[in-house]
Protein chains: 2
Amino acid sequence: MSTLQEEKLENKNIKPTAMRLLVLQCLMEQNRALSLNEIEVLFENADKSTIFRTLKTFQENYLVHRINDGSGAIKYALCDDDCICSLKDNHIHFLCTKCEKTYCLKDTPIATPTLPNGFKANFANYLIEGICSTCT
Amino acid sequence: MSTLQEEKLENKNIKPTAMRLLVLQCLMEQNRALSLNEIEVLFENADKSTIFRTLKTFQENYLVHRINDGSGAIKYALCDDDCICSLKDNHIHFLCTKCEKTYCLKDTPIATPTLPNGFKANFANYLIEGICSTCT
DNA sequence: TAAACTTTGCAATGGCATTGCACTCCTTAA
DNA sequence: TTAAGGAGTGCAATGCCATTGCAAAGTTTA
Ligand SMILES: [Mn+2]
Ligand SMILES: [Mn+2]
Ligand SMILES: [Zn+2]
Ligand SMILES: [Zn+2]
């Protein structure tokens, strides 16, 4: 009998430690991208570098993706089960300038534009800033 | 008789000091977005905080726009003459992961997607990473 | 010419990501 | 069962970059 978190970790070949289960649970509960700081505050007792390395492990195993939303701190959000963080897994991210929360808009696919001659795309980061639905 | 740089500064209501003329010239010669560090190295003798404040003044007067390309350092690029840095002045930026140079793709407009209900866009930052035409 | 304002240079400060190192915990093989 | 090796964690430091306080230098204005 294993929890949902344990299953998710095993599916991505990550050994389930106490810390990892907690961080994963935290990311699952909040339905948005979280910064290292936000996660640290939610635990209070845990060490920041441990959380950092936890998130690094998650990222290396395609459990989370990093989002640079220009807020100064990198945000982390859960990947879909079948995500391999390739160009086609990319999606738009939305930063609310009022509540500072960042959301994955997974249902809003990125239109990949035609680039000038000789330019080749490997990764896209499409960030939109504005006001989110709860802050309207 | 005034130089091109002086004209540009006056058009944006920026008093043309020696430093400002130099930084502007530098941005005009390099046809791409530059970081504070890159500009500082090009001058060698000038002080970093002075360049920082110069760029801040430029930005406040819509002479340059800031670009967060995820490289860790903010890049600065010249605006078009009629730019007021609004949503429709936004354009795609391209970071070459080989030469680390960032380019404005002003001819590649950003398609603004339809956002979920209640979300309102005020600013967009569409960054594409890949290989540029000279590094191919 | 002197006061007022602007620009510049230098030296902090502060935030965040990242890492070295030692300690603890867990797994494994004799 | 136990000792050795490896993985995970906590703490303290480091490094990079943006930003600011303050005083000196330069410029404008009355
Ligand atoms: Mn996302
Ligand atoms: Mn640009
Ligand atoms: Zn909001
Ligand atoms: Zn290149």
Side-chain angles (χ1 to χ4, degrees), chain A residues 2 5-6 9-10 12-26 33-61 63-77 95 100-102 125 127, chain B residues 2 5-6 9-10 12-26 33-61 63-77 95 100-102 125 127:
Chain A
S2 64
Q5 284 83 16
E6 282 173 331
L9 289 182
E10 274 155 24
K12 304 272 184 170
N13 294 306
I14 301 167
K15 215 188 296 179
T17 68
M19 193 73 247
R20 289 170 181 171
L21 289 167
L22 283 172
V23 172
L24 174 56
Q25 185 182 22
C26 164
L34 296 175
S35 69
L36 187 52
N37 246 302
E38 287 175 306
I39 297 173
E40 194 197 14
V41 167
L42 288 176
F43 291 143
E44 197 57 60
N45 49 339
D47 181 70
K48 185 183 291 224
S49 58
T50 302
I51 302 174
F52 171 78
R53 283 186 270 232
T54 296
L55 290 167
K56 193 177 180 194
T57 301
F58 284 6
Q59 182 206 327
E60 287 164 352
N61 292 278
L63 181 57
V64 302
H65 54 282
R66 297 161 61 106
I67 302 152
N68 188 326
D69 64 4
S71 68
I74 292 167
K75 305 269 177 81
Y76 300 85
L95 169 64
E100 284 281 312
K101 289 179 180 163
T102 297
N125 180 23
L127 177 85
Chain B
S2 66
Q5 284 83 16
E6 283 172 330
L9 289 182
E10 275 154 25
K12 304 272 183 170
N13 295 308
I14 300 167
K15 217 188 296 179
T17 68
M19 193 72 246
R20 288 171 181 172
L21 288 167
L22 283 172
V23 171
L24 175 54
Q25 185 180 23
C26 164
L34 296 175
S35 70
L36 188 52
N37 246 303
E38 287 175 305
I39 296 173
E40 194 197 13
V41 168
L42 289 176
F43 292 143
E44 198 57 63
N45 49 339
D47 181 70
K48 186 182 291 223
S49 59
T50 301
I51 302 174
F52 172 78
R53 283 187 269 231
T54 296
L55 291 166
K56 192 177 180 195
T57 300
F58 283 7
Q59 183 207 325
E60 286 164 353
N61 291 278
L63 181 57
V64 302
H65 53 281
R66 297 161 62 107
I67 302 152
N68 188 325
D69 65 3
S71 68
I74 292 167
K75 303 270 176 81
Y76 300 85
L95 169 64
E100 285 281 313
K101 288 178 181 164
T102 297
N125 180 23
L127 177 85

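So that the names make sense, note that chain A is the first sequence line, chain B the second, and so on, each numbered from 1.
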Next on the checklist: Could you tell me how far apart B:Leu21 (CG) and C:dT8 (C1') are, to the nearest whole angstrom?
Outcome noted: 15 Å
Checklist entry - With sugar-phosphate meaning primed atoms plus P, OP1 and OP2, does A:Lys15 contact a base, only sugar-phosphate, or nothing at under 4.0 Å between heavy atoms? => result sugar-phosphate
Next on the checklist: Distance check needed: D:dT9 P versus A:Glu40 CD, whole Å only.
Outcome noted: 15 Å
Checklist outcome for this item: Here the distance between atom P of D:dA18 and atom CD of B:Glu38, to the nearest Å, is 11 Å
Checklist entry - Expressed in angstrom and rounded to an integer, what is the separation of A:Asn61 atom CG from D:dA7 atom P? => result 14 Å
Next on the checklist: Is any side-chain heavy atom of B:Leu9 closer than 4.5 Å to one of B:Phe58?
Outcome noted: yes
Item to check | Nearest-nucleotide pick for B:Arg66, side chain only, options being D:dT9, D:dT19, C:dC10 | outcome: D:dT19
Next on the checklist: I'd like to know if A:Ser35 reaches the base of C:dC16 with its side chain, counting only an N/O donor and acceptor under 3.5 Å.
Outcome noted: no
Item to check | Rounded distance (Å) that lies between atom C1' of D:dT14 and atom NZ of A:Lys48 | outcome: 15 Å
Item to check | Gap between atoms CE and P, on B:Met19 and D:dT27 respectively (whole Å) | outcome: 15 Å
Checklist entry - Quick one: on DNA chain D, does B:Lys56 or A:Ala46 contact a more 5' nucleotide (nearest heavy atom)? => result A:Ala46
Next on the checklist: Nearest to the side chain of B:Ser49, heavy atoms from C-beta on, is which of C:dT7, C:dC10, D:dA18?
Outcome noted: C:dC10
Checklist entry - How about B:Ser35 and B:Asn37: does a side-chain donor come under 3.5 Å of a side-chain acceptor? => result no
Checklist entry - Heavy atoms, side chains only, cut-off 4.5 Å: are B:Lys15 and B:Arg20 in contact? => result yes
Checklist entry - Counting side-chain heavy atoms from CB outward, which of C:dC10, D:dG10, C:dA17 is closest to A:Thr50? => result D:dG10
Checklist entry - With a 4.5 Å heavy-atom cut-off, do B:Thr102 and B:Ser71 have their side chains touching? => result no
Next on the checklist: Nearest whole Å is fine: how far is D:dC11 C1' from A:Ile51 CD1?
Outcome noted: 14 Å
Next on the checklist: When you measure from the side-chain N and O atoms of B:Asn37 to the phosphate of D:dC17, is any distance below 4.0 Å, counting only OP1 and OP2?
Outcome noted: yes
Checklist entry - Nearest-Å distance, CD1 (B:Ile74) to C1' (D:dC16)? => result 13 Å
Checklist outcome for this item: Considering only heavy side-chain atoms of A:Phe52, the closest of C:dT19, C:dT6, D:dT19 is C:dT19
Next on the checklist: Do B:Leu55 and B:Ile74 have side chains that approach each other closer than 4.5 Å (heavy atoms only, starting at C-beta)?
Outcome noted: no
Next on the checklist: Is the phosphate of D:dG21 approached by B:Arg53 (side-chain N or O, under 4.0 Å from OP1 or OP2)?
Outcome noted: no
